[in-house]
J.: 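So that we are looking at the same thing, I have put the structure below in structure tokens.
Throughout, protein chains are lettered first and strands after them, A, B, ... in sequence-line order, and every chain is numbered starting at 1.
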Amino acid sequence: MNPQDMSPLDRLRHSTAHVMADAVKRLFPEAKITIGPAIENGFYYDFDVEKPFTEEDLERIEQKMQEIIDAGDAFRCEEMSRDAALELFSKMGETYKVEILGSIPADETITVYRHGEFVDLCRGPHVESTKQIKAFKLISVAGAYWRGDERNRMLQRIYGTAFPDKKQLRAHLAALEEAKKRDHRRLGKELELFSFSETIGAGLTLWHPKGGRVRHLMETYWKERHLQSGYDLLYTPHIARDRLWEQSGHLGFYSDNMYSGMDVDGQDYLVKPMNCPFHAVIYKDRLRSYREFPLRWAELGTVYRYERSGVLHGLFRVRGFTQDDAHHFVREDQLSDEIDFVLNFCLDMLKAFGFDDFELYLSTRPEKSVGSDAQWALAEGILVERLKQSGVKWEIDAGGGVFYGPKIDLKIRDSLGRRWQCSTIQVDFQLPERFDITYVGEDGRRDHRPIMIHRALLGSLERFFGILVEHYGGKFPLWLAPTQAIIANVTDAQADFVQSVKRRLTAAGFRVEADLRNEKLGAKIRESQLQKVPYTLIVGDKEAAADSVSPRPHGGKPEGALTVDQLIERLKTESEIPGSKNL
RNA sequence: GCCCACGUAGCUCAGUGGUAGAGCACCUCCUUGGUAAGGAGGAGGUCACCGGUUCAAGCCCGGUCGUGGGCUCCA
């Protein structure tokens, strides 16, 4: 980061990190300081200490920080020769600072910042005085490797945050609370959507009935859209012989992520981490003509990948998941139109799921790559062209492409403003070579090489579902809600009528439950609301007599009675999928 | 994988060496009540798993499994 670019907020946070380091040094003189930058929502500082910090330590550090702030010492910048700085930090025993000094380019000016007795190698800038730190809080402790490299020593990192005033700090902490409430792991349990089990194994998702309903809706909609848009659907096995993975190259560059094989009649079989090799084999089952192009083959393919135990996280990072994968086979002259098609297809579909804020990233040729210069130039040129036409904001990640071709990644922004990468569109020069994939051209020759496009749209159904849960805070739109309405009777006298309403709504295609329990109406409404069911339909004697129900929308006030027929019309309208015709 | 924390009833959690607890949920009964919790009773736990220390372990020690916060933000 260029120090000139540091925002006032980052300056405040970085200064707070210094104050924290000062407090830590006072309480734990043996601690060695390392680095302490401002980050997106606050700051951290890494320390090398014998004993990790505890929660109680955090409180003591916070108190000490407050004392330092109250003292109101000025932050002072001091330029120093490299030798003087080396001597200073060597004498202090700050070996990490000495190491950092060694990695600063020779032509750069060395500066240290002081406040009170504390001194830190730092290019700044800082606020003027510790007094300017008005609102801060230490958040958590965590282990972190020196310079982010796991071969290095594990340091102890303290995360904290700071704001210009207490009100903003409170708002930030409240936002953290809100995010906690929307955490898909919590909602997954509360709404009975999915679970994990020690008996099954880490990172392996169990979809419960209500989660299963949502997944079914996602899949059904996904399949319909694909079929309407010229895709065919493929189904391929979960395992394949090792020779497939040898040919695809996965045994070479992906085996760390693959589960060990199983012996079947003396042959070694492996669980699939990807679907593409299967699609390639289907392609090769017979001669293909350019007249068939573009081929669009999609599969909801369940794959298994080894992920290190520490990175597993709810539905966001799992070991078994279903990719909504697709492979397009095109001629070179069709590449541009096909990219245009698939890009718009992705954007449309994501809109239907409630996202409308997108960012696109083009990743270009990395240092190590396959394919000719001409191929890369052509493909990158086409991607740039289509990105420009998309009307969506986009950036270039130079050299960030996969070795087999350039790609476009699509990020969505959720209701809490967080960005998620789901879709990826990748041009592949490699796989057609490896599998010797060809087609018969206009000239009758069989040795033409098609271009292959890999595409995942939602990415993984598990992860996308987790994102949806958090995006909606568990309150799914009507078309996706696992239960769209609960019909609640006031007394037993309406039980038969409730059952008949349930039958009629179910027959009309809605997901409806009846709550006939011997409970007061208030209790039924409360539970329906807590389950975030879009409509609670109240039925008392008045409604039953008029073939009607009184709807109460989730989070809303009671509404006047509607006849069952009117209700069906209303639900039909409201459960339309954005930008699509109803299923 | 690594650092730290955690794992007690379906859920949320209390219990730090001496016979396992609460609230909610669940079941039964009473109550038939009009828009966010009606009442009473009952059942429910090899304290994650394996091993060790001890007269005695949910609690102490070791291992395993699982969960959470992190390990990309660079003086």
J.: Should B/U72 form a Watson-Crick or G-U wobble pair with both distances under 3.5 Å, which nucleotide is its partner?
T.: none
J.: Mind checking A/G310 for me? I need base, sugar-phosphate or nothing, with any heavy atom below 4.0 Å counting as a touch.
T.: base
J.: Determine the Euclidean distance between corresponding P atoms of B/G18 and B/C60; express it in Å to zero decimal places.
T.: 12 Å
J.: I'd like the C1' distance from B/G38 over to B/G34, given in whole Å.
T.: 15 Å
J.: Any N or O donor-acceptor pair under 3.5 Å from the base of B/G10 to the side chain of A/E192?
T.: no
J.: Between B/G33, B/U35, B/C74, which nucleotide has the shortest distance from any of its atoms to the side chain of A/R552?
T.: B/U35
J.: When you compare B/G58 with B/A20, how far apart are their C1' atoms, in angstrom units rounded to a whole number?
T.: 8 Å
J.: Does A/R151 place a side-chain N or O at less than 4.0 Å from the phosphate oxygens OP1/OP2 of B/C2?
T.: no
J.: Taking CG from A/L521 and C1' from B/U35, how many angstroms apart are they, rounded to a whole number?
T.: 5 Å
J.: Using a heavy-atom cut-off of under 4.0 Å over every strand shown, decide if A/S309 touches base, sugar-phosphate, or nothing.
T.: base
J.: Compare the minimum distances between each of B/A36, B/C3, B/C74 and the side chain of A/Q529, then state the nucleotide with the smallest one.
T.: B/A36
J.: Rounded to whole Å, please give me the gap between CG in A/N152 and P in B/C74.
T.: 17 Å
J.: Does B/A36 pair with anything, Watson-Crick or G-U wobble, both distances under 3.5 Å, and if so, with which nucleotide?
T.: none
J.: Given B/G69, is OP1 or OP2 found less than 4.0 Å from the side-chain N or O atoms of A/H313?
T.: yes
J.: Checking base pairs now: Watson-Crick or wobble, both atom distances under 3.5 Å. What partners B/G17?
T.: none
J.: Could you tell me whether A/D46 contacts a base, only the sugar-phosphate backbone, or nothing, with contacts defined as non-hydrogen atoms closer than 4.0 Å?
T.: nothing
J.: Is A/T109 touching bases, backbone alone, or none of the nucleic acid, heavy atoms closer than 4.0 Å?
T.: base
J.: Would you mind reading off the distance between A/K542 atom NZ and B/G33 atom P, rounded to a whole angstrom?
T.: 12 Å
J.: Base, sugar-phosphate alone, or nothing: which one does A/S528 contact when heavy atoms must sit under 4.0 Å apart?
T.: nothing
J.: For nucleotides B/C26 and B/G62, find the distance between their P atoms and express it as a whole number of Å.
T.: 42 Å
J.: Would A/D57 and A/K51 pass as an ion pair if we require N to O under 4.0 Å?
T.: no
J.: When you check the gap from the basic side-chain N to the acidic O, do A/K524 and A/E519 get nearer than 4.0 Å?
T.: no
J.: NA contact type, A/G314, heavy-atom cut-off 4.0 Å: base, sugar-phosphate, or nothing?
T.: sugar-phosphate
J.: By the 4.0 Å heavy-atom rule, please label A/P558 as base, sugar-phosphate, or nothing.
T.: base
J.: What I want to find out is whether A/K393 reaches A/D357 closely enough, with some N-O distance under 4.0 Å, to be called a salt bridge.
T.: yes
J.: Please classify the nucleic acid contact of A/E190 as base, sugar-phosphate, or nothing, using heavy-atom distances under 4.0 Å.
T.: nothing
J.: Counting only Watson-Crick or G-U wobble pairs whose two distances fall under 3.5 Å, which nucleotide matches B/A5?
T.: B/U67
J.: Looking only at N and O atoms, is any donor in the side chain of A/Y306 or the base of B/G1 less than 3.5 Å from an acceptor on the other one?
T.: no
J.: For the aromatic rings, using the six-membered ring if either is Trp, is the centroid distance between A/H208 and A/F194 under 6.0 Å?
T.: no
J.: Looking only at side-chain N and O atoms, does A/R157 come under 4.0 Å of OP1 or OP2 in B/C3?
T.: no
J.: Taking atom C1' of B/G66 as reference, at what distance in whole Å does atom CG of A/L206 sit?
T.: 14 Å
J.: Does A/V311 reach a base, just sugar-phosphate, or nothing at all? Heavy atoms under 4.0 Å.
T.: base
J.: How is A/R185 classified with respect to the nucleic acid when contacts are heavy atoms under 4.0 Å: base, sugar-phosphate, or nothing?
T.: sugar-phosphate
J.: Base, sugar-phosphate, or nothing: which does A/I39 touch, judged by heavy atoms less than 4.0 Å apart?
T.: base
J.: When the ring planes of A/F316 and A/H184 are compared, do they come out parallel, tilted or perpendicular, using 30° and 60° as the limits?
T.: tilted
J.: Both conditions, 6.0 Å and 45 degrees, for the charged tip of A/K411 above the ring of A/Y361: are they met here?
T.: yes
J.: Taking any strand in view, what nucleotide pairs with B/A43 in a Watson-Crick or G-U wobble way, both distances under 3.5 Å?
T.: none
J.: Can the ring centroids of A/F53 and A/F47 be said to lie less than 6.0 angstrom from one another?
T.: yes
J.: A/R319 CZ to B/G1 P: how many Å, rounded?
T.: 7 Å
J.: When the distance from CZ of A/R517 to P of B/U28 is rounded to whole Å, what number comes out?
T.: 13 Å
J.: Give one of base, sugar-phosphate or nothing for A/L155, where a contact means two heavy atoms less than 4.0 Å apart.
T.: nothing
J.: Using the P atom as the point on both nucleotides, what is the distance between B/U16 and B/G7, in whole Å?
T.: 13 Å
J.: Give me, pair by pair, the N or O atoms of the protein and of nucleotides 62-65 of chain B that are less than 3.5 Å apart, along with how far apart they are.
T.:
from: B/C65; atom 1: O2; to: A/E198; atom 2: OE2; distance (Å): 2.9

J.: With respect to the phosphate group of B/C71, does any side-chain polar atom (N or O) of A/Y159 fall under 4.0 Å of OP1 or OP2?
T.: yes
J.: Do the numbers put A/R215 on top of the ring of A/W207, so that NZ or CZ is under 6.0 Å from the six-membered ring centre and no more than 45° off the axis?
T.: yes
J.: How do A/Q494 and A/P52 order along RNA chain B: which one's closest nucleotide is nearer the 5' end?
T.: A/P52
J.: If you measure from the C1' atom in B/C24 to the same atom in B/G17, how many Å do you get, rounded?
T.: 31 Å
J.: Can you tell which of B/G1, B/U35, B/G33 lies closest to the side chain of A/V490?
T.: B/G33
J.: Kindly point out which of B/G69, B/C11, B/A36 is positioned nearest to the side chain of A/A142?
T.: B/G69
J.: For the pair made of CD in A/E55 and C1' in B/A5, what is the distance, rounded to whole Å?
T.: 8 Å
J.: Let me see the working for A/L204 and A/V318 under side-chain contact (heavy atoms from CB on, under 4.5 Å), right down to the final yes or no.
T.: CA-CA 6 Å; A/L204 301 169; A/V318 289; over 6 Å; no
J.: Assuming nearest nucleotide by heavy-atom distance, tell me which of A/E108 and A/N489 is located more 5' along RNA chain B.
T.: A/N489
J.: By nearest atom, which of the nucleotides B/G34, B/G1, B/C2 is closest to the A/M154 side chain?
T.: B/C2
J.: Looking at A/R182 and A/E178, is there a salt bridge between them, counting it only when a charged N and a carboxylate O are closer than 4.0 Å?
T.: yes
J.: In whole Å, what is the span from the CZ atom of A/F196 to the C1' atom of B/G66?
T.: 12 Å
J.: Quick one: is B/C71 close enough that its OP1 or OP2 comes under 4.0 Å of any side-chain N or O from A/Y44?
T.: no
J.: So which nucleotide does B/A22 pair with, by the Watson-Crick or G-U wobble rule with both distances under 3.5 Å?
T.: B/U12
J.: Between B/G15 and B/A9, how far apart are the C1' atoms? Round to whole Å, please.
T.: 14 Å
J.: Kindly confirm or rule out a cation-pi arrangement of A/R13 over A/F163, judged by NZ or CZ under 6.0 Å from the six-membered ring centre and within 45° of its axis?
T.: yes
J.: At 4.0 Å (heavy atoms only), tell me whether A/E543 reaches a base, stays on the sugar-phosphate, or touches nothing.
T.: base
J.: Base, sugar-phosphate alone, or nothing: which one does A/F89 contact when heavy atoms must sit under 4.0 Å apart?
T.: nothing
J.: Using the P atom as the reference point in each nucleotide, state the distance between B/U32 and B/G44 in Å, no decimals.
T.: 31 Å
J.: State whether A/D256 and A/R308 are salt-bridged, where the test is any N-O pair (Lys NZ or Arg NE/NH1/NH2 against Asp/Glu carboxylate O) under 4.0 Å.
T.: no
